[in-house]
Each structure stands twice: as C-alpha cells, then as structure tokens.
Amino acid sequence: MLAPNREGWLCRCSCKLVFPVSCSLVKLLEETRQWWFINSKLQAVASRVAEEMGVKLGEEVGYTIRFEDVTNTDKTVVKFLTDGVLLREMMDDPLLSKYSVIMVDEAHERSISTDILLGLLRKIQRRRPDLRLIISSATIEAKSMASFFRSSKRHQEAGATDLGPSKEPAILSVEGRGFNVEIHYVEEPVPDYVQAAVSTVLLIHDQEPAGDILVFLTGQDDIDAAVRLLTEEVQSHGKKSHGLIVLPLFSGLPRADQDLVFSPTPRGKRKVVISTNIAETSLTMEGVVYVVDSGFSKQRFYNPISDIENLVVAPISKASARQRAGRAGRVRPGKCYRLYTEEYFVKQMSSEGIPEIQRSKLVSCVIQLKALGIDNILGFKWPASPSSEAMIRALEVLYSLGVLDDDAKLTSPVGFQVAEIPLDPMISKMILASDQLGCAEEILTIAAALSIQSIWVSGRGMQKELDEAKLRFAAAEGDHVTFLNVYKGFLQSGKSSDWCRRNFVNAHAMKKVIEIRAQLKRIAQRLGIVLKSCESDMTVLRKAVTAGFFANACRLEAYGHNGMYKTVRGSQEVYIHPSSVLFRVNPKWVVYHSLVSTDRQYMQNVITIEPSWLPEAAPHFYQQRQLGPSIH
DNA sequence: GAGCACTGC
C-alpha cells in the first residue's frame, strides 16, 4: 500500500487520510535511534505500525526491501517497500493490480526510481480508475506534482479509451517540522569555505551556549582539512577551542569511527561533526543545535557527448539549504550559519536541485522501462525529462549489447534476461555470457564486486600498506581476477573481519558482496544459468567480461606515450588508474569497468583481453577493420 | 602515482 523510501517519510505530513496510526508514526520516528540504514528505519516503522494495529509483522503489515521480503501473500494488507522494489514488482504486474492505494513518499527528492515510478503511475491511472494515489512531496514541489498528474487527466479525456473518470491523486505537501532555526549569512562572499567553516565553528564555540555543531562540507578532502585545522587549534593554544571534540563523518569512514558521532557528548564538552551530505537526509544526530553550511556538495553530472559521469563540487539548492538548516532544530531552537550571502541565497541559488535523472546515465533506466512495456521511450512523460542525447546514448548501448533489436524492442531471451538482473546491463550481459563460457561461479563474484564502490578500505594515510596488501592478491589478468582472489581469501578466513582489517579489505563491503552474490545466484538459477566454475581457466572468464564490456575496449599507444591508451571506438585518451593492479603494467589491450575523470580520464577496474575477442563478442559493433593492423 | 557525495534493485 505504501511506497516510502526515505528516512522521515510520513513523519511530517498529516496523513489521517491514509492512516489512523500516523500520530504514532511521528512518535516512533522521533524515538527511533536506528538511524543507520534507511532500510532498517523502514523496517522499524513497519514493525511499529504492526504493533499499533495489534498484528504480527509479516502478516497483515509487512515490508519488502532488497534482501528481505517480510510479507505474506494471503494476509498482508499494508506493505512498506522501497521504490526500487515496487518497480521490480511492476515487471510482473504492470498495472500493480494487487494494490488499491499507493502512496509515494518524499516524491520531491526526485531519485531516478521515484521519477520512473511517478511517470508510470501517471500512465496506469488511465487503466486503473479505481487506483487511489497519494503523493507526498515538499510544499515547494506540490504544485508541479499536481499539474504533472492533471495533464495526464486531460490526456485521458482526449483518449479513445473511456474507463470512467479517474480520481486525481491526493498531493500531500509536507513541511519540515522541528524547532525554529535562526539563519545567519555572511556579509561578504568567503574565498575559502573550509577556512570559513573552521573560523565559524571556533566563533560559535566561543560565544554560543552549549549544543553540538554540524558542519556540511563536500567530501573527504575538505573534511580532512577542516578536521586537521580544528584539531591543531585544539592542541595548540586551546583556549578558544577548549572542550571541542572534532569528528569527521562520511560514508567511507570505518563503522567504528562513524559510531563516535552518535556517542553522547560528555558534560562540559561540545561535539563538532564535519560531514558530507550523508547527514543531510540519510542520518540524524540528536543534540545538534548549530549548523554550518558551506553551500556546496558533490553532485553527479553526466555528459552524454563524452558519455562520462563525473562527481563535481557544485552549489546546493535552496531546498538543500533548508534541509541542512533544519538539522539544527531537532531538539530545540537552533542556529544555522550559511557561508554565503543572503543576496546569493535569494537571487542566485536555484530553488530545487537538478533531478537525478537529468544528471545520470540512463542505460539501466531505459531497460527498466522497456521491460515494463514502454515502447515509445522518447515519448514517455517524465516529471522531469532527461535529455534526448542521453536517451539515445542509452539506446545505442543497449542495442550494441544485443538487448534491444532494430525496432528498439527487448530481444528474446537476452533482452528480457538482462532486464531481469538488477544490475548495470553491461554486468548483466557479462553474467549471461558466463553461462555459455562455463564460468558463472566466478563471474557472479566479479559482478557483485563491481556493483559496489570499492572492496578496499578508504586508503588515505596508509597508502603504502594498502598497496602492499593489494599486491598479495594481485593477478596478472587484472582487477577482476584480483577480486576473485580477495573473495577466496575472505571465505577461507571464515569471513573474518580481523582478516579484512589485516588485508585492508573493507569488511562492510565484503558483506555486501556476499549478499549481492547470493541474490544474483538466485536470479541466475531462475534464468537457468548453470553455475559452473572455470577453475583456473582465466581465458573464458576474460571473454565473459569482454562480452559485457566490449564497448570499453582500449589499446595502448605506441612507446613514448607514457601509458596512454585510446578507446577503440571513440579514440578517447585514457589511462589506467593508479589504484588498478595493472597500473604501470600497461598491457596492450584492456577493457575497463568505468572511467573517472580528473586531470585525465582514468580507467578503473581493468582486465587484459585479446583484441580478436572483440568482433566475436560484438560483431556489429566492431568490424575487423576498425581494430587495425595490430591484431595478431 | 591518484582520489572515492548518497541512495537503490
């Protein structure tokens, strides 16, 4: 019935309309200290609702998240799920016929899944006049949300099929609740927001009454710098900074360090948490009374021309700024210090951020829509349309993978199978290829490892040790085979976290690899993929990788170019990333998993291939002549 | 010899 996906769903709206128990939801969210995973919050809320209704969790009230389905087909009447899970359900049941009411929460956050979901719901309204929709969104977006669904109604009236009038969805506008937060701006623009943040923290500490401080910066670099400056201050003269406890917070930080942020502040002390955006929505700290907002965050941008996704530091939106400020008013009235001018806020800051769908590659998104039976992708009505260049890019990739045919329809069986696997289509294609090549056991591990950020601990400050640890697992074939070695070692250690620590492997990441691999194994078995091991035959394994990633093939330039590669298709200059085990090895032909661009384009996760495999893997994509005379 | 906002299936 409900489709919430973020912390704080329902908590700020009056939703008597939906639920007589909403008041207890509010109470629950205030009491819930399980801030860690959003999913555990969803779980906690479902469990509390079950309790309020006097039923057992998993019966009348249940929840479904990626790795957990706690529902009962015969009994469950209220179900909590993430938007991604609901989209997966739609593949089997496009009209969502088993639901009579769907509430989409936090629609204003505009994640890709939410946008796809809204577009689809708008579409199925016509076929499901009985379906009641409730969209909960920030006030600022409520109008555009309403008009998005209204325009669909006009469309329906003009349409040929007349299935009776459909009710318009109820749009609930939600407002941040909490105590009043006093906003302060700087008089003049600051030249260096890290330095400005540090000074502001010291000023607050010096002049304001007790209460913790939360500082929003952009990433680990900024955070390390600010922590260092503040720590030096604490250690040197101490007077201005006496009693300050300085703590960094970002997702790559080891769990134990993150936990420090949530330990109670000792009497007479003041905690300063220097954080990324993780503290903006994903988790909540009690005791914060002062917020320092740099006005920037790291955001993903995608350039469809170069086909490169990038993380860049960019100004935040007014909506983000308000969200950040709100973090100061959770326990009592607070103060927010914005490190930008009021004029800038009023006149230059955009009111909403750019929706994720306009900043991302669309390959996964397009295949999902195709699998949902949306044939005319370019005509799909979005809450915010992605660029047609990005769409076309995605269609090209899917066509080259053999997932779409000449009419841009899903191919059978490959297209449908790739859509079934909840990963990047290039990874999914690699898994399918591994079936014929007889190396699915290994490829599933590689697929899981490629699906997470990094299996290594975040390396700053212990680079040498991390490099040495990597060497213990390094494989001549490249990073993919190195993953296999790490995975083997991890299993042999009995999944020991001590083993992880000794080998600079991220234990939390390995846990995720295990979970994802288990899920992939279930799906693979459903698809009839034989889980065969290739033992020590790395050739078939490299061929399977090539079958998915042939579009990322690169050739080393002649000597004297210092490890410069060129992509076979686009002749783009690329280099092997120094974190790769093939860095400085520079084999002649490689395929990479992803590009990261800084001063150069760096290939991350690289494996050696034979060029003759390329036309085999994708004959329409690589004709022999393109590969030039160097194939032997 | 470099740099990893944050989710999600």
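Keep in mind that the numbers below use all heavy atoms, side chains included, and drop hydrogens, waters and symmetry copies. In this text, all values refer to a predicted model and were calculated from it rather than measured experimentally. Note on naming: letters A, B, ... go to the chains in the order of the sequence lines (proteins, then strands), and numbering restarts at 1 for each one.
In this structure, the CD1 atom of A/I516 is 11 Å from the P atom of B/dG8, given to the nearest Å. Atom CG in A/L87 sits about 11 Å away from atom P in B/dC9, given to the nearest Å. Here the C1' atom of nucleotide B/dC6 and the CG atom of A/L249 are 12 Å apart, to the nearest Å. In this entry the distance linking CG of A/L466 with P of B/dC4 reads 16 Å, nearest Å. Separating the CE atom of A/M91 from the C1' atom of B/dC9 is a distance of 9 Å, rounded to the nearest angstrom. Between the CG atom of A/D115 and the P atom of B/dT7 there is a distance of 19 Å, given to the nearest Å. In this entry the distance linking CZ of A/F301 with P of B/dC6 reads 16 Å, nearest Å. We find that OH of A/Y63 is positioned 14 Å from P of B/dG8, with the value rounded to whole Å.
Candidate nucleotides B/dC6, B/dA5, B/dA2 were compared by shortest atom distance to the side chain of A/L311, and B/dA5 ranks first. The side chain of A/K298 approaches B/dA5 more closely than any other nucleotide in the set B/dA5, B/dC9, B/dG1. Side-chain proximity of A/I65 to the nucleotides B/dA5, B/dG3, B/dC9 is greatest for B/dC9. Side-chain proximity of A/R300 to the nucleotides B/dA2, B/dC6, B/dG1 is greatest for B/dC6.
A/Q220 places no side-chain N or O within 3.5 Å of a backbone atom of A/S251 that could act as its donor or acceptor partner. No side-chain donor-acceptor contact under 3.5 Å links A/R330 to the backbone of A/E286.
If you check distances only, the side chain of A/N562 never reaches the base of B/dG1 with a donor-acceptor pair under 3.5 Å.
In summary, of the residues considered (A/F583, A/Y602, A/Y592), a ring-ring contact (aromatic ring centres under 6.0 Å, His included) with A/H577 occurs for A/Y602 alone.
Between A/E420 and A/R526, at least one side-chain N (NZ, or NE/NH1/NH2) sits under 4.0 Å from a carboxylate O, which counts as a salt bridge.
Using modelled atom types and a 3.5 Å distance limit, the side chains of A/Q572 and A/S306 yield no donor-acceptor pair. With 3.5 Å as the limit, one finds no donor-acceptor pair spanning the side chains of A/D93 and A/Y99.
Nearer the 5' end of DNA chain B, as judged by each residue's closest nucleotide, is the contact made by A/Q299, out of A/Q299 and A/Q368.
A/D467 comes within 4.0 angstrom of a base, heavy atoms only. When heavy atoms are screened at a 4.0 angstrom cut-off, A/S454 is found touching no nucleic acid atom at all. No engagement by A/V313 is indicated, since no non-hydrogen atom pair under 4.0 Å with the nucleic acid exists. Across all strands shown, A/T276 has heavy atoms under 4.0 Å from sugar-phosphate atoms exclusively, and none from any base.
For B/dC6, the base is anti relative to its sugar; the glycosidic angle deviates from 0 by more than 90°.
Contact between the side-chain N/O atoms of A/S579 and the OP1/OP2 oxygens of B/dG1 is not found at any separation under 4.0 Å. A close approach under 4.0 Å does not occur between any side-chain nitrogen or oxygen of A/S251 and OP1 or OP2 of B/dC4.
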